[in-house]
2 protein chains.
Amino acid sequence: MATAGKVDRPQVDRVDRVDRVDRVDRVDKVEERRRELADAALQTLSALGYARTSLREIAQNSAFSHGVLHYYFRDKVDLITYCVRRYKAVCVQRYDQIVATARTPEGLAQGFADGLVATLVADAHMHRLWYDLRSQALFEDSFRADVLEIDSTLERMIWRIVSRYAELTGSPVLTGESMTYAMFDGLFQQALLRHLAGQEGAEVHLHASVRRLIDQVVPATSR
Amino acid sequence: MATAGKVDRPQVDRVDRVDRVDRVDRVDKVEERRRELADAALQTLSALGYARTSLREIAQNSAFSHGVLHYYFRDKVDLITYCVRRYKAVCVQRYDQIVATARTPEGLAQGFADGLVATLVADAHMHRLWYDLRSQALFEDSFRADVLEIDSTLERMIWRIVSRYAELTGSPVLTGESMTYAMFDGLFQQALLRHLAGQEGAEVHLHASVRRLIDQVVPATSR
DNA sequence: GCGGATTCTGGACGACTGTCAAGATTTTGA
DNA sequence: TCAAAATCTTGACAGTCGTCCAGAATCCGC
């Protein structure tokens, strides 16, 4: 009868070690199931888009029936919000491995451009979901806070790469954090639409324009 | 009984002047009603977003009942597609007046930045609809062709401004047509989200970053 | 002003939606 | 092992959706 959201156990008299471990296990289990359902939701959303995704469809892409969604999530907005947050986790881990390795500025720039093109092709459905949800945030303020937070995360991610590049070249970065992100995001979004539309040059064009934007944002030092 | 789409009149024996005028009048009248309904649809869509807009809601924002929509449009996709096309017409006329007047590069750059900020604030709902529909095109290929065409139109519009600016300063433009558009679009989209989220600095930040991007794309000549 | 074509209304349809709750099933703790 | 708690299934609910259609209302040439 109790919903999973509020993990309240009546007998909280003796809070010994065992009980605490139990509770953590319980919470972890609930959280794990939530993640499982959210992943099914993300898969469905990235395939159909926000406007055409129903709870029953999500449930069919999971191992459970549609009723269980209301056991782990208050309502649809709660589920989608959780999905948006989860998306961030998947997203950040994806990008950060790009920066870690490179030592030369050329290697970093090339690795960055390569990485963007690679994820453009490999994760196109996930990326279009992001742009779809961000568009929803223009209308529904339920998602807005989370979307803005993810945007900030991506912003910092781009900034880490660009400022690292500037550090390696010894030049300053001409644009601010958010402006830099906005421009790269614009390039990526354009490439995504073209890629999904089947335009052949999309990937190559993205690669070239990313390389060019890097050089534009941190000017080449003549040496 | 006949639907308005296929304007077929049985008696086409004597195609005289009067008949021809008649037909034109008929077509114009149907087209006018289509535009009227499409405008109601655009108003509704820009208020609610694609996912939450129903045909009945659109009809309520017009002077007609919901049945008439299927008299002038085959189905929902047909209506929305028509709306997307109509959006372009509204859109282009809006921007082109920005360029026409300016004579000095400074005037043009300032007018451009001012214009973008002005439309960001005044037409925020229309702009968020555009980004919403463009996101839909990532999923539904019904809209894709029209969306891509509108994107090209906007691309050329931006290019006209930037290349005119370059012409006035005597410097070349460093980036291509589509890359230039993508970057400005990224800036604008970021500003739109922040503006709708109520962040105060959004407009000022857009203005500053647009000015900066202009100078970045066509380098200042020292003279 | 009449008669046919055009335009519009409003209701009905089947399908689908989010939400909920009663009960079956499984897990858990003593 | 057994009862209670947690978890899951299933069916039902009140709406809303896009679509269609019979007929009312309007327009227009004669």
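Labels below follow one simple rule: chain letters A, B, ... track the order of the sequence lines, proteins then strands, and each chain is numbered from 1. Below, each value reflects all heavy atoms present in this structure, side chains not excepted, and no hydrogens, waters or symmetry copies.
Annotation: cation-pi pair A/K76/A/Y82 absent, no NZ/CZ under 6.0 Å from the ring centroid and within 45° of its normal.
For the pair A/I58 CD1 and C/dG18 C1', the interatomic distance rounds to 11 Å; values are reported in whole Å. When the C1' atom of C/dG23 is taken as reference, atom OH of A/Y71 falls 14 Å away, rounded to whole Å. Between the OH atom of A/Y50 and the C1' atom of C/dT17 there is a distance of 12 Å, given to the nearest Å. Rounded to an integer number of Å, the gap from CZ of A/R52 to C1' of C/dA15 is 18 Å. When the C1' atom of C/dC20 is taken as reference, atom CG of A/L55 falls 13 Å away, rounded to whole Å. Between B/L48 atom CG and D/dC17 atom C1' there is a gap of 15 Å when expressed in whole angstrom units. Following rounding to the nearest Å, A/H66 (NE2) and C/dC16 (P) show an atom-to-atom distance of 14 Å. Protein atom CD of A/E32 is 15 Å distant from nucleotide atom C1' of D/dA6, rounded to whole Å.
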Discussion item. For A/E155 and B/R194: C-alpha separation, side-chain torsions, deciding distance, then whether salt bridge (charged side-chain N to carboxylate O under 4.0 Å, His left out) applies.
Written reply: CA-CA 14 Å; A/E155 198 174 300; B/R194 291 179 177 178; 3.3 Å; yes
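In this structure, the nucleotide among D/dT10, D/dA6, C/dT9 sitting nearest to the side chain of B/F64 is C/dT9.
Take the nearest nucleotide of DNA chain D for B/G67 and for A/G67: the residue whose nucleotide is more 5' is A/G67. Comparing A/D75 and B/R56, the nucleotide of DNA chain C nearest to each residue sits closer to the 5' end for B/R56. With the nearest nucleotide of DNA chain C identified for both A/E57 and A/V68, A/E57 has the one nearer the 5' end.
Phosphate contact (OP1/OP2 of C/dC16, side-chain N/O of A/S54, threshold under 4.0 Å): absent. For A/K76, no side-chain nitrogen or oxygen approaches OP1 or OP2 of C/dC20 to under 4.0 Å. Between C/dT19 and A/H70, a contact under 4.0 Å exists linking OP1 or OP2 to a side-chain N or O. Within the 4.0 Å cut-off from OP1 or OP2 of C/dT28, at least one side-chain nitrogen or oxygen of A/K29 is found.
When ring centroids are compared, B/F112 and B/F184 come within the 6.0 Å threshold.
In this structure, the side chains of A/R144 and A/R134 stay at 4.5 Å or more apart for every pair of heavy atoms.
A distance-only check finds a donor-acceptor pair linking the side chain of B/R128 to the backbone of A/L138 [under 3.5 Å].
Nucleic acid contact class of B/S65 (heavy atoms, under 4.0 Å, all strands): base.
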